[in-house]
Novice: 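Here's a structure for you.
For ligands, and for the atoms within them, numbers begin at 1 and follow the listed sequence. All values below were derived from every heavy atom in this structure, side-chain atoms included, with hydrogens, water molecules and symmetry-related copies excluded.
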Amino acid sequence: MVTEARFAPGDLVAVLTTQPLDRTLDYKAPEGGVGVGDFVEVPLGPRKVMGVVWGAGAGDFDRAKIKPVLRRMDVPPMTAELRGFLERVADYTITSMPAMLRLATRVPGLGTPPGMRKIYRLGKGQPDRMTEARKRVLDVMADHGGAGFAPTELAQLAGVSSSVVKGLADQGVLVLLQEPRDRPFARMDAHHPGKALSAEQEKASRVLRKAVADRAYQTILLKGVTGSGKTEVYLEAVAECLAQGRQALVLLPEIALTGAFLDRIEERFGAPPAQWHSGVTQAERRRAWGAVADGSAQVVIGARSALFLPFQNLGLVVVDEEHDTSYKQEDGVLYHARDMAVMRAARVGATVVLASATPSLESWANAKAGKYARVDLPHRYGTAVLPAMSAVDLRLDPAEQGAWISPVLHDAIAARLDRGEQSLMFLNRRGYAPLTLCRACGHQIGCSDCDARMVEHRFHQRLICHQCGASRVIPDTCPECGQTGTLAALGPGVERLAEEVIAHYPDARVAILSSDLTDSARRMKSLIEEIAAGGADIIIGTQIVAKGHNFPNLTLVGVIDADLGLQGGDLRAAERSFQLIRQVAGRAGRAERPGEVLVQTHQPLHPVIEAILSEEEEAFWETEARARQEAGAPPYGRMAGVILSGPDLTQLTALSRDMIRQVHLMTTAGAQVFGPAPAPIARVRGQHRIRFLVKGPKGLALQPALKAWRAAVKPPANARIALDIDPQSFF
Ligand code: ADP
Ligand code: ZN
């Protein structure tokens with residue numbers, strides 16, 4: 001137990017607040033004194049703000065003017081471990097401490113005592129009639145699995161007036177209850193029996209259990225093919241962590257945080273876990289934060305920001321689908337949750353389990369180098385086998401003019417329809433067509449605020465910008481030349497693919513899985529459940545289908561355009577395509593009947609396509625690793641992006657010239673600077689973006705050099721310089 005420094009009333013203390021200041025502020029300790037880590041309320045100008053006592057005051061200010069702390073809040077103090085972690089992440093990502101504190105305290109009503117609250121829950125009544133507004137309220141209730149809502153929160157989330165909510169209450173559809181805030185979480189049972197494990201699973205789980213029981217830092221890459229039972233195996237590590245009396249955190253990509261997963265945890269340990277993600281209500285957030293801080297929440301299931309929760313005794317962090325791109329936060333604090341999980345675990349002697357069928361090259365390389373341990377599950381659980389994969393060479397077997405499915409793939413679909421089995425057609429493109437072109441003048445319809453084409457969404461009858469979400473009705477006449485009837489949709493999206501499938505198989509039941517076609521998470525969930533129960537013959541989907549769903553009757557996966565992700569020259573393009581197509585392929589043949597995967601491509605000899613089809617995975621990683629090594633890219637070298645953004649391109653260009661003038665600050669430190677170049681999407685929401693890429697050898701002190709470089713120029717008031725350590729795209 002660390003004993004924190006304490007300060008007597010009147011002593012000067014440094015308080016870190018969430019206000020955008022570049023330092024802590026001095027205050028006088030209040031009546032009763034305070035300790036380092038205490039949450040306090042302090043006056044700042046005319047306002048009261050929340051802060052954390054960070055240490056002794058700097059004493060560089062007129063003592064007579066220093067104000068006292070208003071009160072010590074009734075919250076468990078922030079541990080030395082978490083304070084140190086926030087400082088490390090701030091240093092690593094070049095983020096201010098106030099921004100870090102905001103990240104760690106995103107919780108409503110911190111420090112206000114629990115008490116009672118009024119909330120709505122579902123009642124037994126039925127609405128006399130269903131309106132659009134009422135439906136939205138009921139969707140919100142259902143999306144949150146029966147959680148209670150404060151009246152204003154419910155109306156706000158549903159986007160309806162409070163009278164709609166009141167109306168439903170009058171009819172008994174909703175009931176208003178008084179409930180205590182922050183109910184404790186039920187105890188989870190470490191010894192609750194789990195599923196009987198296969199020999200391979202048992203062996204893997206022993207390695208994980210031992211690491212947790214050792215109570216020393218270790219990272220383990222759990223690489224298991226789709227359907228091998230990775231979840232069952234890492235839940236054994238969670239069980240060990242519970243038995244050790246320590247807290248466990250399971251991170252999932254947001255979209256995978258489904259009710260099915262929560263049920264699985266509850267079934268395994270006899271009680272539901274705490275949850276932390278964007279779908280959680282304010283009240284649940286507060287309850288989870290409090291229970292994590294006082295140590296009573298034993299298991300937390302969350303999205304990336306759960307990593308900044310105030311754990312008292314963290315023993316295990318699982319990062320499921322560790323290759324998933326959503327672990328990188330792309331605005332605000334630019335951190336990678338997987339890397340920061342390793343950082344936090346190393347500080348507290350916790351185990352990290354990185355689970356994936358298709359790990360990131362970084363994790364693969366760290367395991368190879370012996371920094372991480374590695375455990376493999378090479379077989380599917382039970383009698384299921386991995387699907388047979390083969391290419392359809394579109395140069396030899398092209399689809400008909402204006403169609404996207406080749407005759408070979410059609411035959412395979414028809415065979416499935418005959419046998420009453422399901423087929424999945426994967427195309428990673430939302431909408432109807434990616435390009436709307438005027439046949440008369442050649443004009444391509446683009447977004448007025450972004451350097452992006454507008455994508456036709458025929459279902460919504462609109463053109464939509466996938467960068468900023470701006471939309472407009474599909475015009476009859478070309479906005480450029482004014483001719484009527486000349487606009488043509490070019491290329492396929494899932495909606496167009498669905499049109500082709502429906503025309504071809506008028507009797508088949510076709511389902512489309514695309515995030516923009518289902519307006520609530522609940523409807524997406526129930527659609528997925530319906531499909532799993534056999535409610536569709538042919539499924540058409542974007543990458544949403546790659547995320548771990550289990551369709552037992554699915555025996556055919558068709559990849560419509562495997563070449564789609566290979567262009568662009570990004571060093572990660574190969575890895576991304578490999579991961580995505582392998583994950584989608586993993587949906588086939590998960591039960592008794594074996595699966596088949598047909599991959600449509602114009603370049604069957606492309607090394608990435610060959611790797612996707614081959615059983616020789618390690619060779620793919622070796623090749624990728626070599627390419628990265630030659631490029632001096634992560635994990636073999638250091639890299640950062642420097643992104644200048646602002647509404648005025650002339651000003652921004654001038655700023656980039658100022659930065660070039662100071663570039664010696666980088667080069668003398670041993671870094672190479674490339675650019676400036678327009679960012680991959682040079683304009684988003686009317687903001688122009690210019691980018692530098694910084695590269696250097698492994699030992700390079702990248703952060704201090706970048707800080708000095710940024711400090712050496714003065715951006716105009718409306719421009720920003722963002723620093724992105726370990727950027728996810730290498731453009
Ligand atoms: P992965 O995450 O590796 O794709 P899952 O853990 O989701 O695999 O397991 C795939 C399927 O196999 C799930 O339906 C799971 O319940 C089942 N399964 C895996 N291991 C076992 C086991 N030991 N006993 C019973 N069912 C299992
Ligand atoms: Zn746009």
Side-chain angles (χ1 to χ4, degrees), residues 192-209 220-240 248 250-269 273 299 301 316 318-324 327 338 353-360 363 374-387 389 422 424 525 528-529 531-534 543-555 557 578-595 597 617:
H192 201 266
K195 295 195 168 103
L197 299 183
S198 70
E200 187 177 290
Q201 290 175 339
E202 179 62 42
K203 199 164 146 237
S205 78
R206 268 204 301 273
V207 177
L208 267 51
R209 272 186 177 271
I220 302 171
L221 173 62
L222 175 62
K223 182 172 183 298
V225 299
T226 51
S228 58
K230 289 183 290 299
T231 314
E232 303 301 333
V233 170
Y234 73 62
L235 289 182
E236 293 303 303
V238 173
E240 182 63 43
V250 179
L251 293 179
L252 294 175
E254 187 104 25
I255 190 139
L257 278 161
T258 59
F261 189 84
L262 296 171
D263 293 347
R264 221 165 145 177
I265 303 275
E266 182 167 356
E267 204 177 293
R268 179 67 184 79
F269 300 110
V299 177
I301 308 298
L316 171 70
V318 176
V319 185
D320 199 357
E321 309 290 357
E322 66 92 33
H323 62 279
D324 199 280
Y327 284 122
R338 177 189 63 225
V353 174
L354 306 177
S356 176
T358 53
S360 62
S363 298
R374 175 170 159 176
V375 176
D376 281 46
L377 296 170
H379 304 102
R380 282 191 161 174
Y381 173 74
T383 53
V385 291
L386 285 169
M389 315 233 334
Q422 288 175 322
L424 167 68
K525 255 186 253 173
I528 288 169
E529 277 162 24
I531 294 169
Q543 63 173 330
I544 211 160
V545 300
K547 311 259 175 179
H549 309 298
N550 204 355
F551 302 134
N553 198 32
L554 182 78
T555 60
V557 168
F578 180 85
Q579 286 161 344
L580 190 56
I581 296 179
R582 275 290 180 96
Q583 291 285 345
V584 176
R587 299 313 108 210
R590 286 172 74 95
E592 305 82 49
R593 277 168 294 198
V597 180
E617 285 209 13

Novice: Going by side chain to side chain contact (heavy atoms under 4.5 Å, CB included), Val299 matches just one of Leu235, Leu316, Val238. Which one?
Specialist: Val238

Novice: Kindly tell me which protein residues have any non-hydrogen atom under 4.0 angstrom away from an atom of ligand 1, grouped by chain and ordered by number?
Specialist: Lys195, Ala196, Leu197, Gln201, Val225, Thr226, Gly227, Ser228, Gly229, Lys230, Thr231, Glu232, Arg264, Tyr381, Asn550, Arg590

Novice: Have Thr226 and Arg380 got a donor and an acceptor in their side chains that come within less than 3.5 Å?
Specialist: yes

Novice: Is Arg264 salt-bridged to Glu232, cutoff N-O under 4.0 Å?
Specialist: yes

Novice: On a heavy-atom basis, which atom in Gly589 and which in Ala384 lie closest, and how many Å separate them?
Specialist: O-CB, 4.0 Å

Novice: Verify, without hydrogens or angle tests, whether Gln579 (side chain) and Thr358 (backbone) share a donor-acceptor contact under 3.5 angstrom.
Specialist: yes

Novice: With distance as the sole criterion, is a donor-acceptor pair present between the side chains of Glu322 and Ser363 under 3.5 Å?
Specialist: yes

